[in-house]
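A short worksheet on the structure shown next.
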Amino acid sequence: MGSIRHNAIVVTGADYDREKFGKAHMKAMELFGVLTSPIVTRNLNGYMSFFVAPDGSKEGWAGSDIGDEKRKEFADFIDSLAYGDGSNYVKFVDVAYNELHGTEIERINARTKHYL
């Protein structure tokens, strides 16, 4: 028996950098397939978002380890989209949650870590 620790990723970007945001969405589709939502756009301030749903695997199982690797690859990919000064208009948060351990942020953009 094991516990399921859900990991969800939320990605938000500005519409003036649609190319990089589109690359992030394509990478999510490549890595996570049907767990990746369509892009949701909002005219207000020009932001777009999408979501990667949890894989549902139990901690310690092979599926969970594969999910961990994919989330790391995805986060590294988003960080690679940053500008030379480290700023990035493609923002993400990987949130872990369950009834045993509560909720915690697993990872955010590399540069953003300095501001927490």
Side-chain angles (χ1 to χ4, degrees):
M1 194 164 149
S3 67
I4 297 175
R5 187 167 189 232
H6 304 291
N7 280 84
I9 302 171
V10 179
V11 183
T12 300
D15 67 356
Y16 48 81
D17 207 344
R18 285 184 182 273
E19 182 181 347
K20 287 185 180 183
F21 191 79
K23 287 179 181 180
H25 189 254
M26 287 189 320
K27 185 66 170 182
M29 292 293 295
E30 171 191 321
L31 291 170
F32 306 106
V34 298
L35 296 177
T36 306
S37 77
I39 295 172
V40 177
T41 58
R42 177 75 176 134
N43 292 335
L44 186 65
N45 293 318
Y47 284 97
M48 309 168 288
S49 297
F50 67 88
F51 163 76
V52 178
D55 62 21
S57 181
K58 289 186 178 182
E59 288 299 299
W61 288 23
S64 179
D65 294 342
I66 291 168
D68 292 345
E69 292 169 11
K70 286 182 178 184
R71 284 189 304 278
K72 181 185 181 319
E73 181 179 345
F74 183 62
D76 290 345
F77 179 79
I78 291 179
D79 282 341
S80 79
L81 299 174
Y83 295 100
D85 66 357
S87 64
N88 195 341
Y89 290 109
V90 180
K91 301 289 188 194
F92 77 95
V93 61
D94 176 353
V95 180
Y97 54 98
N98 74 5
E99 65 281 356
L100 298 175
H101 306 341
T103 304
E104 62 183 88
I105 295 174
E106 289 279 309
R107 186 164 170 187
I108 56 176
N109 295 79
R111 183 170 184 200
T112 308
K113 290 177 190 175
H114 304 293
Y115 298 106
L116 290 180

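- Evaluated for a side chain to side chain contact (heavy atoms under 4.5 Å, CB included) with R107, the options I9, V93, I78, D79 yield exactly one hit, D79.
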Quiz item: Given E30 and K27, is the salt bridge (charged side-chain N to carboxylate O under 4.0 Å, His left out) satisfied, shown in steps?
Solution: CA-CA 5 Å; E30 171 191 321; K27 185 66 170 182; 3.3 Å; yes
Practice problem: Test salt bridge (charged side-chain N to carboxylate O under 4.0 Å, His left out) on K72 and D76 and set out the steps. | Solution: CA-CA 6 Å; K72 181 185 181 319; D76 290 345; 2.6 Å; yes
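- Remark: D68 CG to R71 CZ distance equals 4.5 Å, nearest 0.5 Å.
- A continuous path of hydrophobic side-chain contacts links I105 to Y97 [ILVMFWY only; heavy atoms under 4.5 Å].
- Taking both residues in full, the closest heavy atoms of G67 and D55 are given as CA-OD2, 3.6 Å, listed atom of the first, atom of the second, then distance.
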Quiz item: Could you go step by step and tell me if Y89 and K20 meet the side chain to side chain contact (heavy atoms under 4.5 Å, CB included) rule?
Solution: CA-CA 8 Å; Y89 290 109; K20 287 185 180 183; over 6 Å; no
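- One hydrophobic cluster, built from ILVMFWY side chains closer than 4.5 Å, holds both F32 and F92.
- Minimum interatomic distance between N88 and A82 (heavy atoms only, all atoms of both residues): ND2-N, 3.6 Å.
- Annotation for H25 and S37: closest pair NE2-O, 2.8 Å, computed over non-hydrogen atoms.
- Hydrophobic clustering of Ile, Leu, Val, Met, Phe, Trp and Tyr side chains at less than 4.5 Å, counting indirect connections, unites V52 with L31.
- Considering only heavy atoms from C-beta on, V10 stays 4.5 Å or farther from V95 through its side chain.
- The two residues A96 and N7 have their closest heavy-atom pair at CB-ND2, 3.7 Å.
- In E19, the CD atom is not crowded: 12 or fewer heavy atoms of neighbouring residues, nucleotides or ligands sit closer than 6.0 Å.
- Looking at heavy atoms from C-beta onward, F21 lies in side-chain contact with V11 at the 4.5 angstrom threshold.
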Self-check item: Residue pair N98, I4: steps toward the side chain to side chain contact (heavy atoms under 4.5 Å, CB included) verdict
Solution: CA-CA 7 Å; N98 74 5; I4 297 175; over 6 Å; no
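- Nearest approach of F50 to P38, heavy atoms of both residues: CB-O, 3.7 Å.
- Side-chain contact between F74 and D94 is absent, with no heavy atoms from C-beta onward closer than 4.5 Å.
- Taken from OG1 in T36 to CE in M26, the straight-line distance is 12.5 Å, to the nearest 0.5 Å.
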Exercise. Decide yes or no on side chain to side chain contact (heavy atoms under 4.5 Å, CB included) for R42 and Y47, but give the supporting numbers first.
Key: CA-CA 6 Å; R42 177 75 176 134; Y47 284 97; 5.6 Å; no
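- Using a 4.5 Å heavy-atom cutoff, the side chains of D15 and T41 are not in contact.
- Across all non-hydrogen atoms, the minimal contact from L35 to P54 is CD2-O, 3.8 Å.
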